[in-house]
Q: 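Here it is, the structure in full.
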Amino acid sequence: MEIIFKALRKTLYGISVVAMLVMLAIIFMQVITRYVFGFSLEWSEELARFLFVWVVFLGSALIMGEDGHLAVELLPRLLKGTVPGFALNLFINVCGYVFIFLLITQGWKMTETMTFQTSPGLGISMSYVYMIMPLSGLLMLMYHIKDTINIFRLFVQGRTDPKVGDHQPMGSTD
Amino acid sequence: METILILSFVAMALIGVPVAYALALSVSFVLFEFMDLPQVLIVNNLFSGIDSFSFMAVPFFMLAGAFMSAGGVTSRLVNVAQAMVGSFTGGLAQAVAVAGMFFAAISGSSAATTAAIGSTMVNEMEQKGYKREMATGIVAAAGTVGIVIPPSITFVVYGVIANVSIGDLFMAGVLPGLLMGGVMCGMGWYLAKKGQIPPDGSFSCKRLAITIKDAFWALLTPVIIIGGIYSGMFTPTEAAAVAAVYGIVVGLFIYRELKIKDFPEIVFKAVIGTTLIMFLVGAAKVFGWLMTNLQIPHMIGEAVTHVTSSGIVFLLIMNVLLLVLGTLVNASAAVVILTPIFLPVATSMGIDPIHFGVIMVVNLAIGCITPPVGLDLFVASAITKVPLEKVMRSTMPYLLSLICALLVITMVPAISTTLPNLFK
């Protein structure tokens with residue numbers, strides 16, 4: 001199983017890093033073409049925006065293998081290693097499943113129904129853009145199942161692993 | 001139904017459900033239980049909440065800051081700060097505050113500012129007679145100006161949500177940021193005077209000139225960003241992209257400390273940082289959409305005006321609310337959740353949306369060093385290995401001085417609104 005997640009991380013890592021650099025290149029080129037050549041491309045801004053959304057949704061799966069999504073970790077930390085703590089972690093985990101279920105099913109519904117809508121700049125079907133939501137949901141599901149297994153494993157072993165339920169209390173970004 | 005929406009979100013978020021899930025799930029529950037609306041609206045709003053050209057400034061500003069600090073900009077900025085104020089009483093503590101302001105002008109985040117300054121300055125302060133925990137305290141506090149002095153990721157988020165010009169917000173953040181830096185310098189001076197720390201060398205114009213020359217390309221960054229936006233050359237997103245590319249060029253070709261092989265890791269960190277913020281922003285859009293649909297902002301507004309009709313009292317209440325919330329969630333998340341609720345109230349009381357944005361951001365910046373969970377405290381503690389409790393204690397005087405600055409910024413709108421009005 002470790003091999004699968006390693007490969008998955010590597011793939012997502014590669015895609016998101018490249019997408020980010022392409023985004024940067026597109027917007028930078030947009031400035032250059034506007035001032036040096038006096039025109040701007042119609043599709044470039046839209047492509048960058050779609051890449052941005054894709055990066056965020058792919059990142060939302062990737063992040064689960066790193067520090068996890070932002071959460072207030074006060075209570076889980078206080079209860080770490082106890083039976084109520086286990087129940088709490090399980091409840092939090094179940095909430096995650098409901099969210100992921102929503103993202104997959106409703107995201108797929110949007111993908112399916114938006115086939116007729118095309119993007120104004122690139123002229124591609126919006127389905128391709130919305131597809132990232134169910135896709136990201138499936139990737140998140142993989143990481144989430146791993147989390148569930150971890151919660152049970154730790155409880156059975158009766159020891160506390162600093163890596164589980166010990167994320168940063170907030171994003172490391174602001 | 002309104003109460004259930006808000007309470008179910010607060011309850012889930014407080015017990016530790018990721019905030020983004022809690023936002024979407026409380027909406028999902030209310031839609032399912034009480035309203036005749038399809039669940040697909042959740043993902044629809046989640047998507048459209050992220051899909052914005054202006055928000056692309058978030059990853060680009062992150063990249064700009066990351067490329068610059070990897071490219072040797074930080075140490076040069078620190079040198080300038082030391083040459084400027086290092087020779088005064090408490091000079092090193094003041095230099096930390098000044099370096100924090102410099103770095104804030106090329107980076108859009110508090111944690112990045114704390115990390116950059118902390119890793120370069122704490123050891124030196126210790127050598128020169130500061131206690132390690134005292135040094136860590138000022139480093140954590142100096143980071144707060146990261147989101148107040150432009151560029152600022154939190155201002156970008158506020159600008160999009162509140163529909164206020166990001167350029168104006170950046171300009172509005174300058175004086176409050178300087179004020180915050182100023183009171184921290186003052187506190188550094190006072191503490192050093194009390195603690196009998198001798199001044200470090202004497203002031204030399206020559207040394208200052210040399211360090212400024214060396215840091216010239218770094219110091220040019222804020223000029224490019226703010227000048228570019230204000231002259232109408234770039235949109236804020238484009239300015240962020242230009243700053244990132246500029247950071248690459250300076251790091252690779254001028255200071256030559258940036259290495260191509262470090263690129264993937266730098267960009268990856270920006271991916272993770274962007275996702276943390278943007279996924280939450282999208283989820284908050286879902287929540288905000290339903291709140292507006294249920295007219296919750298209107299109800300809260302009426303309740304607030306029932307309690308007080310005074311703008312100042314309202315702002316003081318906001319200060320307390322934001323300081324508390326700022327310790328629980330990160331600044332961007334708080335902005336996304338609270339702006340749709342309280343901005344209409346503020347404008348109905350005649351408070352300038354720009355001033356209101358500055359108050360929110362300064363509050364949330366201070367939340368970064370407010371115990372028990374202020375983010376900058378964790379970052380500083382992780383870098384210097386000083387235990388969290390000790391960091392908290394030594395940050396306390398700076399926290400108090402920043403709260404004084406916050407009160408002044410709240411009471412005197414001119415500090416925020418003068419610069420944007422001047423450049424209109």
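Each chain gets a letter, A, B and so on, in the order its sequence line appears, and its residues count up from 1.
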Q: Take B/Thr274 and A/Val55 through the test side-chain contact (heavy atoms from CB on, under 4.5 Å) and record every step on the way to the result.
A: CA-CA 9 Å; B/Thr274 304; A/Val55 166; 5.6 Å; no
Q: Is it the backbone or the side chain of B/Leu364 that comes under 4.5 Å from a heavy atom of chain A, or both, or neither?
A: neither
Q: Taking atom NE2 of A/His69 and atom CG of B/Leu280, what is their separation to the nearest 0.5 Å?
A: 9.5 Å
Q: Name the member of B/Thr237, B/Ile42, B/Val242 that forms the most heavy-atom pairs with chain A at distances under 4.5 Å.
A: B/Val242
Q: Which one, B/Val58, B/Val40, B/Leu46, B/Leu41, leads in non-hydrogen pairs under 4.5 Å with chain A?
A: B/Val40
Q: In this structure, are over 12 heavy atoms from other groups packed under 6.0 Å from A/Phe5 atom CZ?
A: yes
Q: For residues B/Met56 and A/Glu45, report the shortest heavy-atom separation together with the two atoms involved.
A: CE-O, 4.4 Å
Q: Find the one option among A/Glu46, A/Met133, A/Gln106 whose heavy-atom pairs under 4.5 Å with chain B are most numerous.
A: A/Gln106
Q: Heavy-atom cut-off 4.5 Å, strictly under: side chain, backbone, both or neither for B/Ala270 against chain A?
A: both
Q: To the nearest 0.5 Å, what is the distance between CD1 on B/Ile266 and CE on A/Met20?
A: 12.0 Å
Q: Going from CD1 on A/Ile63 to CD1 on B/Ile272, what distance comes out if it is rounded to the nearest 0.5 angstrom?
A: 5.0 Å
Q: Select all residues of residues 107-115 of chain A having any heavy atom within less than 4.5 Å of some heavy atom of chain B, and report them by number, or 'none'.
A: A/Gly107, A/Lys109, A/Met110
Q: Taking all atoms of both residues into account, what is the closest heavy-atom pair of B/Ala244 and A/Leu24, and its distance?
A: CB-CD1, 3.8 Å
Q: Is B/Met278 close to A/Phe52 at the side-chain level, that is, under 4.5 Å between some pair of heavy atoms?
A: yes
Q: For A/Phe116, is the CZ atom crowded, meaning more than 12 foreign heavy atoms sit under 6.0 Å from it?
A: yes
Q: Inspect the surroundings of OH in A/Tyr128 and state if more than 12 heavy atoms from other residues, nucleotides or ligands are less than 6.0 Å away.
A: no
Q: Do any pairs count as a side chain to side chain donor-acceptor pair (under 3.5 Å) and have a residue in residues 8-23 of chain A, sequence neighbours left out, and if so which ones?
A: A/Arg9-A/Glu66, A/Tyr13-B/Glu265
Q: Please look at B/Ile50 and chain A and tell me whether the side chain, the backbone, both or neither of the residue comes under 4.5 angstrom of a heavy atom of that chain.
A: both
Q: Mind listing the side-chain donor-acceptor pairs of residues 9-21 of chain B below 3.5 Å, one per line with the distance, residues two or more places apart or on another chain?
A:
none

Q: Counting only non-hydrogen atoms closer than 4.5 Å, can you tell me which residues of residues 26-37 of chain A sit against chain B?
A: A/Ile27, A/Phe28, A/Gln30, A/Val31, A/Arg34, A/Tyr35
Q: Under 4.5 Å heavy-atom distance to chain B, tell me which part of A/Val18 shows up: side chain, backbone, both or neither.
A: neither
Q: Against chain B, label A/Ala19 side chain, backbone, both or neither, depending on which of its atoms sit under 4.5 Å from a heavy atom there.
A: neither
Q: Given that the side chain runs from C-beta out, which part of B/Ser52 has a heavy atom under 4.5 Å from chain A: side chain, backbone, both or neither?
A: backbone
Q: Is any side-chain heavy atom of A/Cys95 closer than 4.5 Å to one of B/Leu25?
A: yes
Q: Would A/Tyr130 and B/Phe47 satisfy ring pair (Phe, Tyr, Trp, His ring centres under 6.0 Å), going step by step from the backbone distance to the final call?
A: CA-CA 8 Å; A/Tyr130 292 133; B/Phe47 187 95; 4.7 Å; yes
Q: Taking A/Leu103, A/Leu88, A/Leu102 one by one, which has the highest count of heavy-atom pairs under 4.5 Å against chain B?
A: A/Leu102
Q: What part of B/Phe60 gets within 4.5 angstrom of chain A, counting heavy atoms only: side chain, backbone, both, or neither?
A: side chain
Q: Among B/Pro59, B/Ala24, B/Ala22, single out the residue with the greatest number of heavy-atom pairs under 4.5 Å to chain A.
A: B/Pro59
